[in-house]
Amino acid sequence: MSFNLHILTTELSKSFLTLLRTKELHAFITKSHLAFDPFYATRIVRLYSINSKLDYARHLFDKTPNRSVYLWNSIIRAYAKAHKFGDALSLFLTMSATETLPDNFTYSCIIRACSENHHREWLKFVHGRVLVTGFGLDPICCSALVTACSNLDLIEEATKVFGGMPHPDLVMWNSIICGFGSCGYWNQGLLLFSRMRNLGEHPDGYTVVGVASGIAEPSLLSTGKGIHGLCLKYNFDSNEHVASALVSMYSRCNCMDSAYLVFSSLLQPDLVTWSALITGYSRAGDFRKAMLFFQKLNMQGKKMDSILIVSILAATAQSTNIRHGIEIHGYVLRSGIESNEMISSSLIDMYSKCGYLNLGIRVFHVMPQKSISTYNSVIWGLGLHGLASKALEMFEELLTIGLVPNESTFSALLCACCHVGLNSVGKEIFKRMKDEFCIKYRTEHYVYIVKLLGMTGELEVAYNLIMSLPESVDSGIWGALLSCCDACGNVELAEVVAQRLIENDPDKTAYKVMLSNIYAGDGRWDDVKKLRDTMTEKERGKLPGLSWI
DNA sequence: GTGTAACTAT
């Protein structure tokens with residue numbers, strides 16, 4: 001068989017690629033002198049990258065004498081796409097020391113790689129390089145920076161980069177709006193959205209996906225509907241990304257009817273949209289519908305992906321119906337979906353939540369390669385079944401085999417301790433999390449430790465712990481303490497705590513209900529009445545919907 | 001021919 005290098009590298013259609021046997025192709029390429037021309041080398045590197053033949057790509061790159069910026073960028077992108085961050089970074093550093101200096105696209109590529117691999121420190125380093133090399137106002141670099149920063153929870157950095165642009169283009173706007181949305185600052189996202197429109201910039205699909213991603217709870221439903229209306233107005237709703245974003249937005253708002261309406265308006269919903277719908281039903285607790293749509297999709301003969309399997313397993317786990325779970329497990333085994341650690345973790349979780357911890361542990365033992373997330377699932381399972389000491393053993397085991405615990409590991413461990421009231425062990429774990437493993441506490445960790453302290457009679461300690469927190473305290477943490485006060489019958493502390501909660505968010509009535517129940521338990525009916533009265537007033541004074549559209 | 005987007009879970 002013989003190839004024409006020019007046709008080969010210009011006709012980059014996927015079907016064409018699959019016809020080629022890579023070995024033959026490689027033999028041909030290494031024989032051809034033209035292949036080491038930087039122009040062709042660049043295209044061939046891309047071709048190899050699509051075929052996941054990074055070694056061949058690297059070989060060609062190393063043999064090409066006069067490397068252009070394009071060639072450098074292609075090989076760096078190839079490594080970045082294959083999640084080989086170390087290789088991408090070292091090539092980037094090497095490149096920075098050559099005469100062919102990185103351009104704005106090189107930077108944007110390595111910036112994205114930093115964010116995908118959660119390397120904050122490297123991102124800051126690259127950001128510095130961007131500024132030093134004079135790309136600080138380049139839209140290509142800056143949009144990548146904004147996205148990367150916000151993905152790594154560095155929204156202030158992202159804002160700074162955006163704010164430095166005198167005339168942000170649409171991509172820049174989209175990046176920052178999406179950044180705010182995904183960090184949970186939905187209102188900031190909307191504010192920027194309207195500012196952008198006032199400046200005469202027209203939104204596109206990316207923009208609405210960005211704002212929709214910030215709508216994360218039922219109280220924002222009316223805002224979400226406004227966004228949906230906007231999509232209809234601009235005809236974005238037939239865009240697959242927009243449609244999936246809307247489906248999952250509605251499902252986060254517990255509004256599955258609207259989610260289904262969006263879904264059913266699509267002629268050919270893709271796998272992601274199906275996943276969004278199924279996940280939505282599962283989150284809403286409608287496992288019957290979740291299973292029904294899973295089966296519907298299955299009947300169409302579509303090949304599932306692992307995300308869909310994970311989401312349907314979560315649904316069966318919550319339904320605690322082991323029969324469905326076994327069915328899905330069978331499906332996974334039959335269908336030849338590559339059984340990855342994500343699926344295995346979900347299987348372990350499903351079995352343990354359905355009450356068959358032993359089956360979950362069997363899945364765990366059968367796995368050839370165990371990761372931190374599979375250990376996490378087992379630890380959660382053991383904790384759920386009250387086997388805290390076994391959970392702690394698993395923790396020691398994962399440390400011995402060299403795995404690195406993460407936030408979830410500690411949530412699972414604290415939850416396990418909490419479940420059986422292992423006060424001192426829990427404290428120890430909580431301490432090690434920060435001191436030994438340098439993991440930042442999140443709300444859930446505080447919630448567990450407060451519950452653990454509170455339920456084992458150390459209400460004061462729990463209270464002082466919360467008071468010592470430097471940052472603003474999430475209501476969930478105070479809420480945990482409040483329910484402990486309730487359980488221990490400590491009305492004095494309950495009042496103090498409830499006051500804080502009500503200050504924090506006066507619109508939420510749940511805490512007032514809790515406090516009024518505590519009063520009632522103590523026989524303080526006057527206080528109950530007073531509290532109930534403020535509740536109704538507040539309800540009446542609720543703010544009307546936003547009018548930003 | 002390189003910058004921004006949808007579904008995962010412990």
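Here the straight-line distance linking atom CD1 of A:I76 with atom CG of A:L91 works out to 5.5 Å at 0.5 Å rounding.
Which of B:dG3, B:dT4, B:dT8 sits closest to the side chain of A:N174 comes down to B:dT4. Side-chain proximity of A:I140 to B:dC7, B:dG3, B:dT2: nearest is B:dG3. For A:T279, the side-chain atoms get nearest to B:dT8 when compared with the rest of B:dG3, B:dT8, B:dA6. The side chain of A:D305 lies closest to B:dC7, out of B:dT4, B:dT10, B:dC7. Minimum atom distance to the side chain of A:Y70 is reached by B:dT2, of the listed B:dT2, B:dC7, B:dT10. You'll find that the side chain of A:T42 is closest to B:dG1, out of B:dT2, B:dG1, B:dT4. Considering only the side chain of A:D349, B:dT10 comes nearest among B:dT10, B:dA5, B:dG3. For A:R77, counting side-chain heavy atoms from C-beta on, the closest listed nucleotide (B:dC7, B:dT2, B:dA5) is B:dT2. Side-chain proximity of A:F39 to the nucleotides B:dT10, B:dG1, B:dG3 is greatest for B:dG1. Closest to the A:D169 side chain, of the nucleotides B:dA6, B:dT10, B:dG3, is B:dG3.
The residue A:K353 sits close only to the backbone: its heavy atoms come under 4.0 Å of sugar-phosphate atoms, none of a base. Within the nucleic acid shown, A:A412 has no heavy atom closer than 4.0 Å to any nucleic acid atom.
One atom, OH of A:Y40, and another, P of B:dG1, lie 13 Å apart when rounded to the nearest Å. Look at CG on A:N104: it is 15 Å from C1' on B:dT4, rounded to the nearest Å. B:dG3 atom P lies 14 Å from atom CG of A:L145, rounded to whole Å. With rounding to whole Å, A:D103 atom CG is found 12 Å from B:dT2 atom P. For A:Y260 and B:dC7, the OH to P distance is 21 Å, given to the nearest whole Å. At whole-Å resolution of the value, CZ in A:F105 and C1' in B:dT2 are 5 Å apart. In this structure, CG of A:L192 is placed 19 Å from P of B:dT4, rounded to the nearest angstrom. The CE atom of A:M342 sits 12 Å away from the P atom of B:dT10 (whole-angstrom rounding).
Between A:V69 and A:M95 there is a side-chain heavy-atom pair separated by less than 4.5 Å. At least one side-chain heavy atom of A:E393 sits less than 4.5 Å from a side-chain heavy atom of A:K390.
The phosphate of B:dC7 (OP1 or OP2) has a side-chain N or O of A:S248 nearer than 4.0 angstrom. Proximity of A:R283 to the phosphate of B:dT8: a side-chain N or O atom is located under 4.0 Å from OP1 or OP2. Residue A:R46 places at least one side-chain N or O closer than 4.0 Å to OP1 or OP2 of B:dG1.
Looking at residues 232-246 of chain A, you'll see A:N239, A:E240, A:H241, A:S244 sit with a heavy atom under 4.0 Å from some atom of DNA chain B. Within residues 202-209 of chain A, the residues approaching DNA chain B are A:G205, A:Y206, A:V209, by heavy-atom distance under 4.0 Å.
Using cut-offs of 30° and 60° on the angle between ring planes, the pair A:W122 and A:F125 is perpendicular. A perpendicular orientation is assigned to the rings of A:F294 and A:Y331, their planes being inclined by more than 60° (bins at 30° and 60°). Aromatic ring pairs are classed by plane angle as parallel below 30°, tilted from 30° to 60° and perpendicular above 60°; the pair A:Y260 and A:F293 is tilted.
With respect to A:F395, the ring pair (Phe, Tyr, Trp, His ring centres under 6.0 Å) criterion is satisfied by exactly one of A:F410, A:W380, A:Y375: A:F410.
Checked against the 6.0 Å centroid threshold, A:W173 and A:F193 do not count as a close aromatic pair. Between A:F430 and A:Y441, the distance separating the two ring centers is shorter than 6.0 angstrom.
A distance-only check finds no donor-acceptor pair linking the side chain of A:S49 to the backbone of A:V45 [under 3.5 Å].
Residue side chain A:S143 reaches the base of B:dG3 through a donor-acceptor N/O pair under 3.5 Å, judged by distance alone.
A 6.0 Å sphere centred on NZ of A:K81 holds no more than 12 heavy atoms belonging to other residues, nucleotides or ligands.
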